[in-house]
Asker: 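Pasting in a structure now, in structure tokens, and then I'll have a few things to ask.
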Amino acid sequence: MQIAFPSVKQPTPVQRRLIHAVLSGKDVLLKDKTGSGKSFALLIALLSQMRGSTHNERSGTGAKASSIKSLLLVPHRDLAYQFFYWIECIHRFMTLKQPLASIAQILVRDSSAPLREHLAPIQQTPPQIVIGTPQAVLEAVEADPHALPLDGLSTVVVDEADYLIESVPTLRDKYAMKKMAKKIERHPGPTRLLLNHIYGAPSEDSEGRPRTREKQIDRRRSQTTRKAPQLVMMSATLRNHLRRFLLADSGWFTKGHGTLVKITGDPSAYYPKEVEDSAIEDKAESTVGGTDVKHHVLVIDSSGHAHNIEGAVSASPEQASTALFKEPLKQSQTPETPEDIALREALDEGGILDASNYYALEAVAVAFGVDVPKLALLVLPSNAPVQQRVDVLRAFGINAHPLDVIKDGNGRSHLMQQNFDATDENPTLLVSTLASTRGLDLPQLSHVFILGILDGGVDSYLHVAGRVGRFGRGGKVISVLSERHEVVAKDGKVSARDEPRMMAAMLERMGITAVKYEDVD
Ligand SMILES: Nc1ncnc2c1ncn2[C@@H]1O[C@H](COP(=O)(O)OP(=O)(O)OP(=O)(O)O)[C@@H](O)[C@H]1O
């Protein structure tokens, strides 16, 4: 493995504990900072488990080889491929050569192929590990309960568990909480449905009422013939209310003394009940890894000028001297010329690029051009048209690509890079939305740009920010916001959207002080 990943010399204490816990067969709940190596260690544990079971199969003591052993659930297709490429890379240097297809395969829904095409090779050669999105796996088992050979399943992993399992936060408004609980109960998401399929649904609803007869399939507890698979859940953000649901109400975890291993890199991560959902859980210092991650916030006014958000502090002399920024941010310091307007209109074929988006992209392009040595990521709001934004950035001369780790130029070639200080004459800007960034590991990434305020507030910001500063490295997170402006809803209602204020409130909750971006007022 060291040949495949030369920078990985030895596991951290948390990784050691995770690997040990997975190999012990107990259920695991893991919370540790972004980029601390949770996913990597998990993979090593699954591969080690597999070596053990291959040995057992040979000696005739293990489960049949025709069944999937581990089901690894991830929130999006790109993360599934990232895990797969890691395995592929390790497989290249494995001494005992098993075909890659018998070690791991992917089950996701995407536009490249219908689900049945992803399913066929899994049915033909059931691999030890299936890496999939809950939507795809659920769709497969709902269409045909025998579509996936899961009889010998020994481990289920839910990565980014808080993203995949919806839960009710603790609110002052108890009525709102009840309403949310009812909504989840009526329309459970795919991960809940899938885990209920594997482990059986809890026998009571969230208000303590018995569920209908067909829902009372608490297989986990009534199973006598087959042991329920080990369950591993992990994330950099696992809030108290979700943990309470998982451990007390879900019915998925084994109950009993010593059956669950809770692991955290931060001793204060499992907070007492009285501080649940309080400021402590919002803090960036307990979520975002890295030793030197700076947070900048640029506010673009209606004429395209960029300002630092109010309250931003100057970088310390030490920080300033290490800053990569080489030229002042010259963006839009003069009024828009007719050529600018013509370019903006030419770029806006679909009529979806308003002036504020255009100026925001221009600010990203300028900052990217002067500051990024090799690789940056731009995260757009979930409804933004990625390709169209890429076209605009390319018109500004930026080497921008939609993030898609299946394609080399769009992300794949940036996975697993071990040369962290590399620079490039023509740096790359990968463009994505929030839906495809959780858990992604692009080792050479130095900058994350965020356009606007992302859905999901603090937790989304923390996860997106966590794409830099991985495994102790540094980086910059640069949010680009529009100044307070009016928005017109579909029903014609006009309201004010004050992104700088929203961001200021979020920064305060996260305990982050914005640092001034150099040469911006
Ligand atoms: N023991 C180690 N020594 C050095 N580098 C490591 C070690 N373990 C993992 N890494 C590297 O650290 C990076 C981050 O790993 P990983 O994606 O597993 O983090 P994570 O904790 O799962 O992050 P996130 O919370 O964002 O999903 C990867 O590039 C991986 O190769």
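Remember, it's 1-based here, ligands and their atoms both numbered in the order they're listed. Please read all numbers here as calculations on a predicted model, not as lab measurements.
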Asker: Is there a donor-acceptor pair closer than 3.5 Å between any side-chain N or O of Q15 and the backbone N or O of G37?
Answerer: yes
Asker: Check whether any side-chain heavy atom of F449 sits under 4.5 Å from a side-chain heavy atom of L429, and report yes or no.
Answerer: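 With C-beta onward as the side chain, the pair touches.
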Asker: Which heavy atom of the protein is the closest neighbour of atom 22 (O) of ligand 1, given with residue, atom name and distance?
Answerer: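 Its nearest protein heavy-atom neighbour is S39 OG, 2.5 Å.
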Asker: List the closest protein heavy-atom neighbour of atom 17 (O) of ligand 1: residue, atom name, distance to the nearest 0.1 Å.
Answerer: R470 NH2, 2.9 Å
Asker: Rounded to the nearest 0.5 Å, how far apart are CG of L153 and NZ of K69?
Answerer: 9.5 Å
Asker: Determine whether any heavy atom of E160 lies closer than 4.0 Å to an atom of ligand 1.
Answerer: yes
Asker: As a check for students: among R473, R467, H463, identify the option with a heavy atom nearest to atom 26 (O) of ligand 1.
Answerer: R467
Asker: Return the residue, atom name and 0.1 Å-rounded distance of the protein heavy atom closest to atom 6 (C) of ligand 1.
Answerer: F471 CE1, 3.4 Å
Asker: Would you say K33 touches ligand 1, if touching means a heavy atom closer than 4.0 Å?
Answerer: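 Yes.
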Asker: Starting from atom 15 (O) of ligand 1, locate the nearest protein heavy atom and write down its residue, its atom name and how far away it is, to 0.1 Å.
Answerer: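 I find the closest protein heavy atom is G37 CA, 3.5 Å.
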Asker: Quick one: nearest non-hydrogen protein atom to atom 25 (O) of ligand 1, plus distance?
Answerer: K38 NZ, 2.7 Å
Asker: Has G466 got any heavy atom lying under 4.0 angstrom from an atom of ligand 1?
Answerer: no
Asker: Nearest protein heavy-atom contact for atom 8 (N) of ligand 1: which residue, which atom, what distance?
Answerer: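 Of every protein heavy atom, Q15 NE2, 2.8 Å lies nearest to atom 8 (N) of ligand 1.
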Asker: What protein heavy atom sits nearest atom 13 (C) of ligand 1, and how far off is it?
Answerer: D441 OD1, 3.4 Å
Asker: Looking at N410 and P402, would you say the former's side chain and the latter's main chain have a donor-acceptor pair under 3.5 Å?
Answerer: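 A pair under 3.5 Å: yes.
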Asker: So, taking the atom named NZ in K476 and the one named OG in S446, what distance separates them when rounded to the nearest 0.5 Å?
Answerer: 8.5 Å
Asker: Looking at ligand 1, does Q10 have a heavy atom less than 4.0 Å from it?
Answerer: yes
Asker: Name the one of H463, R239, M233 that satisfies side chain to side chain contact (heavy atoms under 4.5 Å, CB included) with D162?
Answerer: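 That would be H463; it is the only one of H463, R239, M233 passing the side chain to side chain contact (heavy atoms under 4.5 Å, CB included) with D162.
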Asker: I need the single residue from H296, H447, H295 that forms a ring pair (Phe, Tyr, Trp, His ring centres under 6.0 Å) with Y517. Which is it?
Answerer: H296
Asker: Could you check atom 18 (O) of ligand 1 against the protein and tell me its nearest heavy-atom contact, residue, atom and distance included?
Answerer: F40 N, 2.8 Å
Asker: Could you state the interatomic distance from CD (Q82) to CG (L440), rounded to the nearest 0.5 Å?
Answerer: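 Q82 atom CD to L440 atom CG measures 5.0 Å (nearest 0.5 Å).
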Asker: Decide yes or no for L29 and L247: does some side-chain heavy atom of the first lie under 4.5 Å from some side-chain heavy atom of the second?
Answerer: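 Of all side-chain heavy-atom pairs linking L247 with L29, at least one is under 4.5 Å.
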Asker: Counting only heavy atoms closer than 4.0 Å, does ligand 1 sit against the backbone of F83, its side chain, both, or neither?
Answerer: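 Answer for F83: neither.
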